[in-house]
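Both backbone and side-chain heavy atoms feed into the values below; hydrogens, waters and symmetry mates do not. What you are looking at is a predicted structure, and each value in this text was computed from that prediction instead of being measured. By convention in this document, chain letters (A, B, ...) are assigned in the order of the sequence lines, proteins followed by strands, and residues within each chain are numbered from 1.
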Amino acid sequence: MSQVRVRFAPSPTGFFHIGSARTALFNWLYARHTGGKFILRIEDTDKERNSPEFLKVILDSMRWLGMDWDEGPEVGGNFGPYFQSERTELYKAKLKELADKGKAYEKDGAWWLRLEGARSVVFDEHLKKEIEKVDAAPMVLNDLVRGRVERAEDRDFVIFRSNGEPVFHFVNVVDDIEMQITHVIRGEDHLSNTSKHLELFKAFGVKPPEYAHIPLILKTDGPGKMSKRDRGALIEEYQQRHYLPAAVRNYLCLLGWTPTDGREVLPIDDIIQQFELSAVHQSNARFDERKMSHVNAQTLRTIPAAEFAAIARPILIQNKVIDEKVSDARLTEVLAIVQEKVISVEHLPEFMGFFFTENFKKDENAQANLTKKGGDPAARLRELLPSLEACEWTDAGIEAAFNAAATTHQRKPTDFFAPARFATSGQGGGPHLLGILRVLGRDITLRRIKAFLN
RNA sequence: GCCCCCUUCGUCUAGCCCGGUCAGGACACCUCGUUUUCACUGAGGUAACUGGGGUUCGAAUCCCCAAGGGGGCGCCA
C-alpha cells in the first residue's frame with residue numbers, strides 16, 4: 001500500500017484561524033497516525049491579499065501547536081516549490097493540457113472548464129442574471145467522514161482569470177495531483193466545491209484522492225461559523241494569553257472527534273494512536289472557551305515541575321514579579337504549591353506575586369469577608385502569633401501551631417485561616433495556606449502578620 | 001432562488017452501523033463535604049433522543065416527510 005500523503009494548504013491572507021488550525025491538526029494527526037507525510041503548501045495565488053507577515057503568523061502558530069511538516073516552506077521536499085506563486089509555469093502547462101484536449105475554452109479573456117452535458121440559458125436568482133446551465137452528470141464522492149455524497153456541477157467555471165492567474169479550484173487540484181496527495185482532509189465548507197474538483201480530476205483523467213470533510217467550528221452563541229472577529233478565533237490570542245499549546249491542541253481535537261479510551265485530556269502520542277478519520281463527527285460543534293480553559297487547567301497539573309518553571313520564569317520576569325536573580329530552586333519551591341491550584345499560566349503573576357514582594361495587592365472582597373468566620377481577625381492573629389513564633393517550620397509543625405492556638409483559645413483551627421491568609425498574601429484564596437507560610441518562611445510570615453496588626 | 005451536509009442535556013459528546021440497558025461521560029450551573037482557606041479535590045443534583053408518519057412485539061437506533069441549523073452557488077481561498 002502506498003504511503004499516505006496529506007497536505008494543509010493555508011492561504012496567508014489573514015490571521016491563523018482556529019478552524020484552519022483544527023484542519024491542519026487533523027491532517028497532521030492522520031499523517032502521524034499512518035506514518036505518512038504531512039505537507040504544508042502555501043496557496044498564495046491571490047496577490048492582492050497576501051503578505052509575508054501573514055505567512056509568519058501561520059508558520060509560528062503551526063510550530064507553537066507542535067505541528068511539524070515533512071515538506072513545505074523552510075524544510076523543502078521533492079515536490080516543490082511549495083508556494084503556489086512559484087508554480088505558475090506548471091499551471092500554465094496544465095491549462096494547455098486541458099485546452100489541447102478540448103476540456104477548457106477561452107471566453108472574456110478567462111479560461112473556463114467545459115462540462116459535458118446539454119446546455120440551456122436560464123435566469124439565475126442568486127446571480128441575478130442569465131447564465132448558461134449545463135445538465136452534467138452528478139459527481140459521486142465517497143467521503144471518509146460523510147459517506148456517499150452526490151452533486152452535479154451545473155455551470156462551466158473559471159479556472160484561469162483574465163489577468164493570467166489561476167484560481168483556487170484549479171491550482172488545488174493540479175497541486176494535489178503533482179504532489180501525489182492521497183487524502184484531502186478539509187472543512188465541510190468545501191464539500192460543495194468538491195464536485196468542481198472531481199470534474200477537474202476527470203478532465204485530467206486522474207483518479208481523485210480520498211476525501212474527508214470535517215465539521216465546522218461554530219460561534220459560541222449566535223448564528224454561523226467562527227469568524228476572524230469572534231473572541232477566541234485566533235491562535236495567536238492563546239499564545240499571548242499563555243495557554244499551554246498542548247492544551248489548545250487537545251481541546252481542538254475534541255471539536256469533531258472523541259478519544260476512544262474515555263479520557264478527554266490526554267497526551268498527544270495517545271491521541272495520534274487513537275485518531276481515525278472514520279471516527280470524525282459529522283455535525284458542527286460550537287466553540288466553548290470554558291471547556292478549553294478546563295482542558296488547559298487539567299493539562300497544567302500534568303506537566304513536570306521543571307518544565308512548569310521554564311514556562312513561568314519569562315512570564316514572571318516580564319510582569320516584574322521576579323527578576324533574573326531568583327534561583328530556579330526558589331522558583332520551583334514556590335511553583336510547587338501554586339501549580340496544583342492555579343487555572344492558567346496567564347494568572348500566575350497575580351496569583352503568586354505576594355511571594356516576591358512586600359508590596360502585594362490586597363483584595364478588598366477578601367478583607368471584607370474576614371470577619372465572617374472566626375470574628376475579629378486581629379484578635380485571631382494575636383492568639384495565633386505565639387504558636388507560630390515557637391513552632392517547627394514545616395507543614396506539620398505549622399499545622400500543629402494552628403491546632404495549639406485553637407485549643408488554647410477554644411476555637412476551630414479554621415478560624416485562624418482567613419486572617420492568616422489575608423495578612424500574608426492579601427488574598428482570600430490561593431495556594432494551600434500551610435504551604436504559603438512554609439515557603440514564605442517564619443521571618444516574613446511573622447513580619448506580615450505584625451504589619452497587619454499595626 | 002437552487003444545491004449539499006447535519007440534528008441526543010445550555011455546550012462538547014457516548015450510544016446509532018448489528019433495534020430491547022433507569023440514554024452514560026465531560027464543561028457550565030446548583031447543593032453538600034473535607035477536625036484546613038481556595039480558582040483544588042470528593043460526593044450528589046438539575047438537564048437531552050427536533051416534530052410527524054411508517055416498519056416492528058419493541059426505535060435515540062431502520063425508512064419517509066417536515067421543520068430547524070450549517071455550508072456552498074465569485075475572474076475569493
Which of these nucleotides, [options], is closest to any side-chain atom of [X]?
X      : options                : answer
A/L191 : B/rC40, B/rC75, B/rC5  : B/rC5
A/R151 : B/rC4, B/rU11, B/rU13  : B/rC4
A/K196 : B/rC38, B/rG70, B/rC73 : B/rC73
A/E125 : B/rA77, B/rG1, B/rU37  : B/rG1

Practice task
Enter the distance from A/W28:CH2 to A/I39:CD1 here, rounded to the nearest 0.5 Å.
Solution key: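 Output value for this atom pair is 15.5 Å.
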Looking across every strand, which nucleic acid part, if any, lies under 4.0 Å from [X] by heavy atom: base, sugar-phosphate, or nothing?
X      : value
A/P215 : nothing
A/G256 : sugar-phosphate
A/N284 : sugar-phosphate
A/Q427 : nothing
A/L127 : sugar-phosphate
A/E188 : base
A/L216 : sugar-phosphate
A/S283 : sugar-phosphate
A/D108 : base
A/A285 : sugar-phosphate
A/F351 : base
A/L433 : base

Exercise for the section: Might you point out which heavy atoms bring A/R186 and A/T23 nearest each other, and give the distance in Å? Expected result: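 Closest heavy-atom pair between A/R186 and A/T23: CA-CG2, 3.9 Å.
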Handout entry: Closest non-hydrogen atom pair, A/D221 against A/R286
Key =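 Answer, listing the atom of A/D221 first, then A/R286: CA-NH1, 4.0 Å.
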Give me the distance, rounded to whole Å, that separates [N] from [M] when you measure between the [atom1] atoms they each carry.
N      : M      : atom1 : value
B/rC16 : B/rC6  : C1'   : 15 Å
B/rA60 : B/rU50 : C1'   : 12 Å
B/rA43 : B/rC4  : C1'   : 48 Å
B/rU61 : B/rU7  : C1'   : 14 Å
B/rG10 : B/rG54 : P     : 28 Å
B/rC12 : B/rG33 : P     : 33 Å
B/rC2  : B/rU46 : C1'   : 45 Å
B/rG45 : B/rU56 : C1'   : 37 Å

Practice task
Indicate yes or no for a side-chain donor-acceptor contact from A/R114 to the backbone of A/K103 under 3.5 Å, with no hydrogens or angles considered.
Solution key: no
Would you kindly give the [atom1]-to-[atom2] distance between [X] and [N], to the nearest whole Å?
X      : N      : atom1 : atom2 : value
A/W257 : B/rG25 : CH2   : P     : 21 Å
A/R146 : B/rG72 : CZ    : C1'   : 13 Å
A/E264 : B/rA14 : CD    : C1'   : 11 Å
A/L55  : B/rA77 : CG    : P     : 17 Å
A/L434 : B/rC40 : CG    : P     : 19 Å
A/D363 : B/rU37 : CG    : C1'   : 13 Å
A/R286 : B/rG70 : CZ    : C1'   : 10 Å
A/D415 : B/rU37 : CG    : P     : 12 Å

Practice task
Return yes if a side-chain donor-acceptor contact under 3.5 Å exists between A/N193 and A/H190, otherwise no.
Solution key: yes
Practice task
Compute whether any side-chain donor of one residue and acceptor of the other, for A/D175 and A/Y91, lie under 3.5 angstrom apart.
Solution key: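 Note: A/D175 and A/Y91 side chains meet the donor-acceptor criterion.
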Once you apply the 3.5 Å cut-off to both distances, tell me the Watson-Crick or G-U wobble partner of [N], or none.
N      : answer
B/rC62 : B/rG54
B/rU7  : B/rA67
B/rC40 : none
B/rC2  : B/rG72

Phosphate contact ([N] OP1 or OP2) by [X] side-chain N/O below 4.0 Å:
X      : N      : value
A/Q282 : B/rC5  : no
A/H169 : B/rC76 : no
A/R155 : B/rG74 : yes
A/K225 : B/rG72 : yes
A/T258 : B/rA14 : yes
A/R161 : B/rC76 : yes
A/Q298 : B/rA39 : no

Practice task
Please confirm whether any donor atom in the side chain of A/K291 sits under 3.5 Å from an acceptor in the base of B/rA26, or the reverse.
Solution key: yes
Handout entry: Distance-only donor-acceptor test, A/S192 side-chain atoms vs B/rC3 base atoms, 3.5 Å
Key =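 Result: no qualifying N/O pair found.
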Fill in the blank from the handout: On RNA chain B, more 5' by nearest nucleotide between A/R290 and A/N403 is A/R290
Exercise for the section: On RNA chain B, check which nucleotide each of A/G224 and A/G109 is closest to and give me the residue with the more 5' one. Expected result: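 Nearer the 5' end of the strand: A/G224.
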Exercise for the section: Please state whether the rings of A/F170 and A/F204 are parallel, tilted or perpendicular, taking 30° and 60° as the class boundaries. Expected result: tilted
Practice task
Report the relative orientation of the aromatic rings in A/F8 and A/F16; use parallel for angles under 30°, tilted for 30 to 60°, perpendicular for over 60°.
Solution key: perpendicular
Problem - Name of the residue among A/K450, A/R442, A/R447, A/R382 meeting salt bridge (charged side-chain N to carboxylate O under 4.0 Å, His left out) with A/E389 - result: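 Going through A/K450, A/R442, A/R447, A/R382 one by one, the salt bridge (charged side-chain N to carboxylate O under 4.0 Å, His left out) with A/E389 is satisfied by A/K450 alone.
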Practice task
May I ask you to check whether A/F417 and A/F402 place their ring centres under 6.0 Å from each other?
Solution key: yes
Practice task
Tell me whether A/H126 is stacked on the nucleobase of B/rC73, counting only the six-membered base ring and applying the 5.5 Å and 30° thresholds.
Solution key: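 Ring-base stacking flag set for A/H126 and B/rC73.
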